[in-house]
Amino acid sequence: MNSRDITLWLDERWYNALSCQLKKKDTTVEDELNEYLDAMIDQLPEQVSKKISREIWEEDQQARAEAEASRPVSVFRVTQDGRTDHLLTQSVVRVDALHAAVALRSYLRAKGNSPQRFAERLHSVVDIAPKVFQDYADELMRRTGRVTAALDIDLDRGEFSTLDVVDGWEMYTIRDVSTAAWRATRKAGLEWDKRLELFAAHLEPRMIRSEEHVMGQPSGPTM
């Protein structure tokens, strides 16, 4: 969207006097000038006004679409108590496997007798269809840079799987993932990339399986 900066020069004494006068009306010189410009715009021919308004709206929609397309996302498939949820992050923060592992460890330690499911504890997520989950997983493998992580967390089986762009799906026990999350976050002052290295280093020798993941066949019915 193109815009033009309009600069007006005014003796400071005039500006201060006007500001003092307009303060009584709870407004400013700038506000009054903007209102004057709006009034001038209202005097334009209707067809001109509609054309420009439509162009501005279309440019705004395009900018929003481009921002949405470039926003980093992560997807989760969470199975618990025989139910499977497919979720998409809406946070502006890049969410990776370590973020999910920390959240899962916190959930399991605080769960007790609470009926709340892990999927309900995740922040800034929305439900998506299984096919949409698979589409994002495929995009991750294409390395577009937009999809941060694709995770399959099965609390019923005690399994935590993460999609690696080189080796495909890698599976670990939730117990090992929880321990790795604790090791990666116990020291204060570490950069997140360093924490990710510690997380990965602890998990690497504990992988259960690395193979083609069978999507769309969770351990319980999909909801």
Side-chain angles (χ1 to χ4, degrees), residues 1-78 84-100 103 117-151 163 165 191-193 215-216 222-223:
M1 182 182 296
N2 296 323
S3 60
R4 182 182 293 273
D5 180 50
I6 301 175
T7 302
L8 295 176
W9 294 95
L10 182 66
D11 187 282
E12 187 173 3
R13 288 166 292 187
W14 289 120
Y15 180 85
N16 291 337
L18 287 171
S19 296
C20 183
Q21 182 68 21
L22 292 173
K23 188 175 182 181
K24 300 175 183 178
K25 298 170 54 178
D26 195 26
T27 185
T28 66
V29 174
E30 290 78 8
D31 289 339
E32 289 290 312
L33 289 173
N34 282 327
E35 287 188 14
Y36 181 69
L37 284 173
D38 287 340
M40 291 178 64
I41 290 173
D42 289 341
Q43 296 175 28
L44 290 170
E46 183 177 0
Q47 65 273 23
V48 174
S49 180
K50 286 184 176 180
K51 178 178 181 296
I52 295 175
S53 295
R54 183 177 65 253
E55 291 174 351
I56 292 174
W57 182 85
E58 290 174 350
E59 290 169 1
D60 180 68
Q61 292 302 305
Q62 182 179 351
R64 289 174 180 267
E66 291 173 354
E68 180 67 18
S70 63
R71 178 174 58 88
V73 297
S74 301
V75 288
F76 301 82
R77 188 173 82 169
V78 180
T84 298
D85 295 277
H86 296 80
L87 306 166
L88 169 73
T89 59
Q90 286 190 312
S91 174
V92 295
V93 177
R94 298 180 70 87
V95 178
D96 52 39
L98 179 52
H99 286 108
R117 300 168 61 253
F118 177 59
E120 299 168 342
R121 282 281 300 273
L122 292 170
H123 298 292
S124 302
V125 295
V126 293
D127 292 314
I128 57 175
K131 182 182 182 304
V132 176
F133 175 91
Q134 183 61 53
D135 289 342
Y136 278 111
D138 292 342
E139 183 177 343
L140 175 63
M141 298 300 289
R142 295 196 303 271
R143 306 187 189 189
T144 64
R146 185 169 70 117
V147 183
T148 304
L151 304 169
L163 184 57
V165 296
E191 296 290 338
W192 191 257
D193 287 346
M215 303 309 302
T222 301
M223 301 295 289

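Within a 6.0 Å sphere centred on CG of Asp38, other residues, nucleotides and ligands contribute more than 12 heavy atoms.
Separation of atoms OG1 (Thr27) and CG (Leu18) is listed at 11.5 Å; rounding is to 0.5 Å. Distance check: Gln62 CD to Glu58 CD gives 9.0 Å after rounding to the nearest 0.5 Å. Note that CD of Gln47 is 10.5 Å distant from CD1 of Ile52, once rounded to the nearest 0.5 Å. A distance of 13.5 Å separates CG in Asp60 from CD in Glu55, rounded to the nearest 0.5 Å. A distance of 11.0 Å separates OG in Ser74 from CZ in Arg146, rounded to the nearest 0.5 Å. Interatomic distance, Thr89 OG1 to Tyr136 OH, rounded to the nearest 0.5 Å: 8.5 Å.
In summary, of the residues considered (Thr28, Asp31, Val29), a side-chain contact (heavy atoms from CB on, under 4.5 Å) with Leu22 occurs for Val29 alone.
Heavy-atom minimum distance, Ala100 versus Leu151: CB-CD1, 3.4 Å. Shown here for Ala149 and Ala97, the closest heavy-atom pair between the two residues is CB-N, 4.3 Å. The shortest non-hydrogen separation linking Ala103 to Leu122 is CB-CD2, 4.5 Å. What you find for Met141 and Val165 is that their closest heavy atoms are CE-O, 3.6 Å.
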Exercise for review: Start with the C-alpha distance between Val132 and Leu88, add both sets of side-chain angles, then the distance that settles side chain to side chain contact (heavy atoms under 4.5 Å, CB included), and finish with yes or no.
Suggested key: CA-CA 9 Å; Val132 176; Leu88 169 73; 6.0 Å; no
Point to revise | Trace of the side chain to side chain contact (heavy atoms under 4.5 Å, CB included) decision for Leu33 with Ile6 | key: CA-CA 11 Å; Leu33 289 173; Ile6 301 175; over 6 Å; no
**Study point:** Working for side chain to side chain contact (heavy atoms under 4.5 Å, CB included), residues Leu87 and Asp127
**Key:** CA-CA 5 Å; Leu87 306 166; Asp127 292 314; 3.0 Å; yes
Review point. For Thr148 and Asp96, what are the C-alpha separation, side-chain angles and deciding distance, and is it a side chain to side chain contact (heavy atoms under 4.5 Å, CB included)?
Key: CA-CA 6 Å; Thr148 304; Asp96 52 39; 4.1 Å; yes
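The aromatic rings of His86 and Phe133 lie perpendicular to each other, with more than 60° between the two planes, well past the 30° mark.
A distance-only check finds no donor-acceptor pair linking the side chain of Ser49 to the backbone of Leu44 [under 3.5 Å].
The closest side-chain heavy-atom distance from Arg117 to Asp85 is below 4.5 Å.
A donor-acceptor pair shorter than 3.5 Å cannot be found between the side chains of Asn34 and Glu30.
Scanning for salt bridge (Lys or Arg N to Asp or Glu O under 4.0 Å) contacts around Asp135 gives Lys131, with sequence neighbours left out.
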